[in-house]
A.B. asks: 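First, the structure itself, so that you have it in front of you.
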Amino acid sequence: MAFRDNFGNPQGFIGKLMLSGMNMGHSPMAKWAFTQFDVPDDGKLVDIGCGGGAALSRMAEHVTDGHLTG
């Protein structure tokens with residue numbers, strides 16, 4: 001697999017590094033975004049282009065009775 005292929009379908013060691021980098025790089029923006037709205041316990045949320053999944057984990061802390069899709 002070529003390095004550039006990992007951007008659309010991360011796999012293997014390089015893919016893990018890429019996803020980790022996405023989580024770190026997107027973290028400041030995601031933290032800010034979560035201050036802009038309230039997530040109800042029974043909310044239905046979708047994360048499109050969820051990168052390494054850190055935002056999904058953060059959303060899962062708030063959606064205890066709802067549905068979360070990534």
A.B. asks: Looking at every heavy atom in both D47 and A55, which two are closest together, and how far apart are they?
C.D. replies: OD2-CB, 3.7 Å
A.B. asks: Membership question, hydrophobic clusters at under 4.5 Å side-chain separation (ILVMFWY): are M29 and L19 in the same one?
C.D. replies: no
A.B. asks: Answer yes if L56 and V46 sit in the same cluster of Ile, Leu, Val, Met, Phe, Trp and Tyr residues linked by side chain heavy atoms under 4.5 Å apart, and no otherwise.
C.D. replies: no
A.B. asks: Could you name each residue pair satisfying ring pair (Phe, Tyr, Trp, His ring centres under 6.0 Å) that touches residues 14-40, not counting sequence neighbours?
C.D. replies: F34-F37
A.B. asks: If you look only at distance, which donor and acceptor atoms sit under 3.5 Å apart when one is on a side chain in residues 63-70 and the other is two or more places apart or in another chain?
C.D. replies:
from	atom 1	to	atom 2	distance (Å)
H67	NE2	T69	OG1	2.9

A.B. asks: How long is the straight-line distance from CD1 of I14 back to NZ of K16, given to the nearest 0.5 Å?
C.D. replies: 11.5 Å
A.B. asks: Please indicate whether D38 has more than 12 foreign heavy atoms, meaning atoms of other residues, nucleotides or ligands, lying under 6.0 Å from its CG.
C.D. replies: no
